[in-house]
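Only one structure is covered here, and it is reproduced in the block below.
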Amino acid sequence: MPHASLKLIPGVDQNRTEALNEAAIWESNLIRFVPDRQGQGLPQKLGGWTQFIPSTSWDTVRAIHAWADTNTNNYLGVGAESSLWASDVPNSFVNLTPQYYTASVAVSVTTVSGSADVTITDNNSNVSSYDSVYITTPISVGGVILSGYYSATGLGANTYKITARNIIGVLTPATSSVTNGGAVPTFTSTISPSTQTITVTLANHGYSVGSTFSAIPPTTVGGVVIQGNYIVTSVVSTSQFTIAAANAPTSAVTVSMNGGNAQIIYFLGQTATAPPVGYGAGGYGSGGYGTGVVYSGTGRVLTSVSIAGNGTTATATPAISIYVTPGSSITVSGSTHFNGTYTVLTATSTTFTFASTANFTDTGTTVSVKTWGFQMPLSTDKDWSLDNWGEYLIASPVGGEIFYWNPADTNGHAVVVPNAPLINEGCFVAMPERQIVAYGSTFTGFQDPLLVRWCDIGNFTSWVGTVTNQAGSYRIPKGSKIVGGIQGPQQGLIWTDLGLWAMQYINLPLVYSFNEIASGCGLVGRKAAGTMSGIVYWMSQSQFFRLSGNGVEPVQCPIWDVIFQDIDTDYWQNVRCAPNSRFGEISWYYPTIGSNGVPTKYVKYNTLLGQWDYGTLTRTAWIDQSVFGPPIGAGGDLNIYQHETSNDADGAAINASFQTGYFSVQDGDLKTFVDQVWPDMKWGLYDQAQNATVTITFLTADYPGDTPKSYSYTVNQTTQFVTPRLRARLVAIKIESNDIGSFWRVGNIRYRYQPDGKF
């Protein structure tokens, strides 16, 4: 009887039919291909992973970033759906979640003529000298306009001081003295079918025709909602100007912005020392991971809060939702059972809950609660951009501010970057100039989806360009939004939904040049691009692309059907690009229809062979080789794993498998009889036991549409051959394993056969 070798074509091809896919691989899961000297790809089991941090996150991890400080200490920054934290070694961590809240308070501002110092009264605000505020409602007082970011100096429980400056940081002293005064803008509407004009009253407004006026809190006047950016259409006086509403008012009224109150965002600074944090040291469930870092001495005081409950969970009423959010820290005093600092577990507009350290029974008591909180911006896309500015971690929630954390503040939380844009789609640090680049940013408090802004070189507190710095901005002129951006090889790269733009440093006066590299190759999500060996790869809406020395070019994908016919396009933003430079691979984890936006499957491109495979595995965040070693990924089970560290899935078996397409041993319509097959494999890693157990299944059919018959055999290193004695026109082979601690790689499988008639 004749003999033959089963020499597999490397890579997986799902674009062909199973019968057309002869001698090639049709299906795969948790495998990879390694090149041999002939340029072929030998299929083998995927490398395993182990838990990197010995505790789970309390919500889904969306971003991770590794870096080292100037003392060679390594850190892993982790951005979850409603939290931010960092680890300096795999078993020690600190909660960095920014602490801030938004308050609506009566306008009570004091100025002194000739001085830029301004005192604001806000009862129970408890602002410290390390905190900062962002005034979103313009306040006219003493001849100056207060709006935007200010550092604060605490003067007591009810008052604090800021220094009035214009947008480029120049002091703006008051021209008159005012005590506990000031006003926010008022809007006046008139009834006229032919006009949409709204008159705005704001003393000493400083606007001119064509200027942009921003109304951040919504105000309804004459049936028209005023919120957004408006062009000033005329200037009536130094105290009045007009804007055009979206539609004509239906009544003539005068209404104050935000009900006449000031809207202020309070950012908590690093003002106090927290108790020891980390696994085993005041750790899980006690001031460390899972409960939030404990701070004292600052925070807004809420009085007349009633606490009641039975067991270990307390319920407090009422909650003030803008102050109390899940994950917030609260300090309770005045209760027999509760005196200390706790973490909010749940919160609504009327109640919130927190946990006690012991059982209790309480029928209700009125206490004083001091609270501060963090809440992701109002978006379903709860993601982060993470990078590092030297030894500082830079973190920005999608649609939110930019924060930083200094590892020297080992117990501190991330604090807002002074003067940085209030809203950003994302950011990255441009090198070698070291500038934070924010995209989908703002000047006015409302997001401009195509705006790019960057800070001065070496100074992330300076964001407005002048003749003496290199801060600046640029608005991409094409597309509807910026989807993502990275620091690529020798240039910044900005993707819109339509194309790719290069951002190259050219020094003063323009600082950066922006050039469209290619169109029709937009990015699907902010983390759908990655680099490998100086080449940038990304997923677009219907194919993959790469940027190399040849420019932008598509990457042929023979498993196109697998991903683009199954991906849930409502969750493009959850796609995660996952480079693995150890094996020259770059993967994309993506959500499928019915997975509720969780990236549960992957496709993988081997850049060394130009071949693809695919499989099932959940990863919600990823980084390539880093200061911590092999790649690190976040699982759907809220754990963080380091890859290429074992043969198993964190102690469980890896169900690795692949199946060939149908091949016909004989040409024409003859059936073939196969009576012996000789396995040829590596059964373990070089320095490990050769003890893998593999199942080989033969799938036979006479015609492509038939339901195949299967013949399975368990083989290992001691198996010389198997005797399937199968008879068919078409044969496919499946190789799989699910044993613990093993590794395998397929070599040259041989078989013995002979023709066996037509029927």
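With respect to N580, the side chain to side chain donor-acceptor pair (under 3.5 Å) criterion is satisfied by exactly one of Q625, K604, E644: E644. Here the options are N29, V746, L30, the test is side chain to side chain contact (heavy atoms under 4.5 Å, CB included), and the partner is F658; only V746 passes.
Taking every heavy atom of both residues into account, G48 and I654 meet most closely at CA-CD1, 3.6 Å. Across all their heavy atoms, P579 and D624 have their closest contact at O-OD1, 3.1 Å. The heavy-atom pair separating G594 from D568 by the smallest distance is N-OD2, 4.4 Å. Heavy-atom minimum distance, V536 versus I486: CG1-CD1, 4.3 Å. Nearest heavy-atom pair across S737 and T693 is CB-O, 3.5 Å. In terms of heavy atoms, A80 sits closest to W384 at O-NE1, 2.6 Å.
Using modelled atom types and a 3.5 Å distance limit, the side chains of N15 and D13 yield no donor-acceptor pair. Between D383 and Q573, the side chains place no donor N or O within less than 3.5 Å of an acceptor N or O (distance only, hydrogens not considered). Side-chain contact of T97 with N95: a donor-acceptor pair under 3.5 Å is present, judged by distance alone. Q659 and E18 are linked by a side-chain donor-acceptor pair at a separation below 3.5 angstrom, with hydrogens and angles left out of the test.
Using cut-offs of 30° and 60° for the angle between ring planes, the F52 and F628 rings count as perpendicular.
For an aromatic pair to be called close, the ring centres must be under 6.0 Å apart, and Y589 with Y602 satisfies this. Residues Y571 and Y590 place their aromatic rings such that the two centres sit no closer than 6.0 Å.
For Q51 (side chain) and I53 (main-chain N/O), a donor-acceptor pair under 3.5 Å exists by modelled atom type. Side-chain atoms of S595 come within 3.5 Å of backbone atoms of V598 as a donor-acceptor pair (strictly under, hydrogens ignored). A donor-acceptor contact shorter than 3.5 Å links the side chain of Q690 to the backbone of G684. Within the 3.5 Å criterion, the main-chain N or O of G522 finds a donor-acceptor partner in the side chain of S540. Not one N or O on the side chain of N606 forms a donor-acceptor pair closer than 3.5 Å with the backbone of V34. Remark: side-chain polar atoms of T531 are not paired, donor with acceptor, to backbone N or O of G534 under 3.5 angstrom. Q676 places no side-chain N or O within donor-acceptor distance of the main-chain N or O of R725, the cut-off being under 3.5 Å. In this structure, D561 contributes its side chain and R16 its backbone to no donor-acceptor pair below 3.5 Å. In this structure, W683 contributes its side chain and M681 its backbone to a donor-acceptor pair below 3.5 Å. With hydrogens and angles disregarded, a donor-acceptor distance shorter than 3.5 Å links the side chain of T660 to the backbone of I733.
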Subject >> side chain to side chain contact (heavy atoms under 4.5 Å, CB included) between L76 and I623, worked out >> reply: CA-CA 10 Å; L76 183 73; I623 56 171; 3.9 Å; yes
Subject >> Stepwise side chain to side chain contact (heavy atoms under 4.5 Å, CB included) check, Y614 with V562 >> reply: CA-CA 8 Å; Y614 69 94; V562 169; 3.8 Å; yes
**OP:** Could you walk me through whether N716 and T718 pass the side chain to side chain donor-acceptor pair (under 3.5 Å) test, one step at a time?
**Re:** CA-CA 5 Å; N716 55 39; T718 65; 2.5 Å; yes
Original post:
Do D650 and T50 pass the side chain to side chain donor-acceptor pair (under 3.5 Å) test, and can you show the C-alpha distance, the side-chain angles, and the key distance before you say yes or no?
Top reply: CA-CA 4 Å; D650 195 35; T50 52; 5.5 Å; no
**OP:** Could you check I735 against T695 for side chain to side chain contact (heavy atoms under 4.5 Å, CB included), going step by step and ending with a plain yes or no?
**Re:** CA-CA 6 Å; I735 293 179; T695 298; over 6 Å; no
Subject >> CA sep, side-chain torsions, deciding dist, call: I482, I476, side chain to side chain contact (heavy atoms under 4.5 Å, CB included) >> reply: CA-CA 8 Å; I482 296 174; I476 302 293; 3.9 Å; yes
Original post:
Given H643 and W622, is the ring pair (Phe, Tyr, Trp, His ring centres under 6.0 Å) satisfied, shown in steps?
Top reply: CA-CA 10 Å; H643 284 248; W622 184 275; 4.7 Å; yes
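Taking the side chain as every heavy atom from C-beta outward, T592 and I567 never approach each other to under 4.5 Å. In this structure, M539 and L523 have side chains that are not in contact, with every pair of non-hydrogen atoms separated by 4.5 Å or more. The closest side-chain heavy-atom distance from T607 to S533 is not below 4.5 Å. For the pair Q543/Q556, no side-chain contact is recorded, criterion being any heavy-atom separation below 4.5 Å from C-beta on. Between P708 and F698, every side-chain heavy-atom pair lies at or beyond the 4.5 Å cut-off. Here the side chains of P630 and R582 are in contact, with some heavy-atom distance below 4.5 Å. Between L547 and I517, the closest side-chain pair of non-hydrogen atoms falls below 4.5 Å. Inter-residue side-chain proximity for F428 and Y439 is flagged as met; some heavy-atom pair is nearer than 4.5 Å.
Here NZ of K382 is found 8.0 Å from OG of S82. Values are rounded to the nearest 0.5 Å. Remark: L42 CG to N748 CG distance equals 10.0 Å, nearest 0.5 Å. Rounding to the nearest 0.5 Å places CD of Q565 at 12.5 Å from CD1 of I559. Residue I586 holds its CD1 atom at 10.0 Å from OG of S581, rounded to the nearest 0.5 Å. Taken from CH2 in W49 to CG in N647, the straight-line distance is 11.5 Å, to the nearest 0.5 Å. Atom CG of residue D680 and atom CH2 of residue W678 lie 12.5 Å apart, to the nearest 0.5 angstrom.
With respect to the salt-bridge test (charged N to carboxylate O, under 4.0 angstrom), the residues D381 and R526 qualify. Using a 4.0 Å cut-off between charged side-chain N and carboxylate O, D675 and R752 make a salt bridge. At a threshold of 4.0 Å, the pair R32-D613 does not count as salt-bridged, since none of the basic side-chain nitrogens sits closer than that to a carboxylate oxygen.
Among residues two or more places apart in sequence or in another chain, the ring pair (Phe, Tyr, Trp, His ring centres under 6.0 Å) test is passed with F564 by F544, W560. Partners of W495 according to the ring pair (Phe, Tyr, Trp, His ring centres under 6.0 Å) rule, which considers only residues two or more places apart in sequence or in another chain, are W538. Not counting sequence neighbours, the partners of E81 by the salt bridge (Lys or Arg N to Asp or Glu O under 4.0 Å) test are R62.
By the 6.0 Å contact criterion, CD on E553 is enclosed, its count of non-hydrogen atoms from other residues, nucleotides or ligands being greater than 12.
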